[in-house]
There are 2 protein chains.
Amino acid sequence: MRTALADSPTRKRLLDAAEKLMLSQGFAATSVEEICDAAKLTKGSFFHYFESKDELGKAVLERYCADRRKGQETLLGTNPDPLSRIYTYLDTMAKSATDPSMSKGCLLGMFSQELCELNPEIQACCEQGFAGWTKRFAQELAAAKAKHAPRKDFRPQELAEHLIAVVQGSLILGKAQKDMRILAKGLRHYKAYVRSVFGK
Amino acid sequence: MRTALADSPTRKRLLDAAEKLMLSQGFAATSVEEICDAAKLTKGSFFHYFESKDELGKAVLERYCADRRKGQETLLGTNPDPLSRIYTYLDTMAKSATDPSMSKGCLLGMFSQELCELNPEIQACCEQGFAGWTKRFAQELAAAKAKHAPRKDFRPQELAEHLIAVVQGSLILGKAQKDMRILAKGLRHYKAYVRSVFGK
DNA sequence: AAAGTCATACCAAATGGTATGTGAATGAGA
DNA sequence: TCTCATTCACATACCATTTGGTATGACTTT
């Protein structure tokens, strides 16, 4: 029953509206009515597609994580050298720091803050979302480590988590400062750190 | 009129309860009633001390920022060498990463995410809170730069902001992973980065 | 010093608005 | 005609805020 509804364009409209609103205000401060207004639908429709606001939250988050993963793949590029892939990944991300796709923050970060201690399902989803992101990047770092003997030893997993921390933290700072250029700076520093580890 | 109420113990109880709850759930998801229950007071009392929930939010945030600033001073210690002060600051912070004072997250980060795009007053308060924090740390970095010719040039302000980003991001990641040890790791990496800049 | 006045701290219940969620009715397409 | 998307009006619950108190203690007034 619910499978048929899964990829309806109306459902997508609701998810899009919810994502946009929650990205800037968070989950709790975004009402179902607000979402429906933005999607030009009524609440009745909303509850036809989602059995509760919580379920919508989970759906938005899951879709966001999936999108992000795909985005990560394209962002990593096709350079045969893993270290070059890492550097261009960081550069590209830094370049797009101020454009609208990223400049509103990260839903994963938002939901982690707001909901992890309130909703175990969302917490698990956030944990897994971050894990997927770090794991993929750690893989690149491990490949780079294997190929270019780094000047200093490091744990790929830990260094990947550090990147996520830098990104998430910069997004918060950027929101407070109303200026997302801070994300580009954060990524530059992270890159410099990685360079200091590899010695090149 | 409101000045007399400013440092009453009852008011403090309300602020304490609100801070604790909002630190884990955020502002929007924390109701006035919940705060009153936690503080063992009634809503009537609440509105005797605060004219609105928003005002309470601002008060909690301001007190949090002030506390944090004091904490920063003690954390920096009294070592005459600025670079040593920086390193011990980072170490001490890393050590206390898992104890209850820090392990619940940072209100400044929480409010930035949730409220900055909704409430300009809170946004300004967050911005200033972060600015105070970074400025103080940047001062230390500048002193260290002046004393120990660093191997690479850097902007103290930017490097200080980078620390805040690492801390905030680690706290988010920690919440998602239900494990705040990530903060200690983040601080270790930041320290290693600073060391790579100074060459010692 | 007793009685009266007043401000303050606190409380309980009511109010009004807003939130989520429901269910019957409508409409369009197969 | 049957199904499913969508709407509309409504039920229900919750939540911030208000109102109308009581109790206490301090400060006058006599």
Side-chain angles (χ1 to χ4, degrees), chain A residues 1-61 110-111 114-115 117-119 121-122, chain B residues 1-22 24-61 110-111 114-115 117-122:
Chain A
M1 186 241 276
R2 217 144 261 287
T3 45
L5 280 60
D7 55 0
S8 119
T10 308
R11 189 183 142 102
K12 182 174 164 355
R13 249 164 68 209
L14 286 165
L15 286 171
D16 288 344
E19 180 177 317
K20 191 174 168 184
L21 286 164
M22 289 178 180
L23 214 39
S24 81
Q25 307 173 353
F27 178 85
T30 303
S31 74
V32 171
E33 198 158 26
E34 217 176 339
I35 295 166
C36 293
D37 287 353
K40 300 219 165 89
L41 286 167
T42 55
K43 266 185 291 184
S45 293
F46 179 95
F47 286 99
H48 177 70
Y49 286 96
F50 302 98
E51 66 179 23
S52 69
K53 190 188 171 190
D54 275 19
E55 199 209 274
L56 163 84
K58 226 186 114 191
V60 173
L61 183 59
M110 184 86 241
F111 278 36
E114 268 197 286
L115 301 173
E117 298 192 24
L118 230 44
N119 182 333
E121 251 180 286
I122 294 281
Chain B
M1 186 239 275
R2 218 146 258 289
T3 45
L5 280 62
D7 55 0
S8 116
T10 307
R11 190 182 142 102
K12 181 174 165 355
R13 248 164 70 211
L14 287 165
L15 286 171
D16 288 344
E19 182 176 317
K20 190 174 169 185
L21 287 164
M22 289 179 180
S24 81
Q25 306 173 350
F27 177 85
T30 303
S31 73
V32 171
E33 197 160 24
E34 220 176 336
I35 296 166
C36 293
D37 287 353
K40 300 219 167 90
L41 286 166
T42 57
K43 276 189 278 191
S45 295
F46 179 94
F47 285 97
H48 177 70
Y49 286 98
F50 303 98
E51 67 180 21
S52 68
K53 190 188 170 189
D54 275 17
E55 198 208 276
L56 162 84
K58 227 185 111 191
V60 173
L61 182 59
M110 184 85 240
F111 277 37
E114 266 198 288
L115 302 172
E117 298 193 22
L118 232 44
N119 182 333
E121 248 179 288
I122 294 281

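- For the side-chain contact (heavy atoms from CB on, under 4.5 Å) test, residues two or more places apart in sequence or in another chain that qualify with B:T42 are B:S45.
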Using distance only, find each side-chain donor-acceptor pair of residues 15-29 of chain A under 3.5 Å and give its atom names and separation, not counting sequence neighbours.
residue: A:D16; atom: OD1; partner: A:R63; partner atom: NH1; Å: 2.8
residue: A:D16; atom: OD1; partner: A:R63; partner atom: NH2; Å: 2.9
residue: A:D16; atom: OD2; partner: A:K12; partner atom: NZ; Å: 2.8
residue: A:E19; atom: OE1; partner: A:R63; partner atom: NH2; Å: 3.0
residue: A:S24; atom: OG; partner: A:L21; partner atom: O; Å: 3.4
residue: A:Q25; atom: OE1; partner: A:T30; partner atom: OG1; Å: 3.2
residue: A:Q25; atom: NE2; partner: A:E34; partner atom: OE2; Å: 3.2

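- Atoms CD1 (A:I35) and C1' (C:dG21) sit 14 Å apart, rounded to a whole Å.
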Going 5' to 3' along nucleotides 6-16 of chain D, which nucleotides have protein heavy atoms under 4.0 Å from the base (write B), which only from the sugar-phosphate (write S), and which from neither (write -)? BBB------SB
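- For A:D37, the salt bridge (charged side-chain N to carboxylate O under 4.0 Å, His left out) test picks out no residue, with sequence neighbours left out.
- To the nearest angstrom, P of C:dG23 lies 14 Å from CD of A:E51.
- Taking the side chain as every heavy atom from C-beta outward, B:V32 and B:F47 approach each other to under 4.5 Å.
- Remark: A:E121 engages A:K58 in a side-chain hydrogen bond (donor to acceptor under 3.5 Å, both in side chains) (not counting sequence neighbours).
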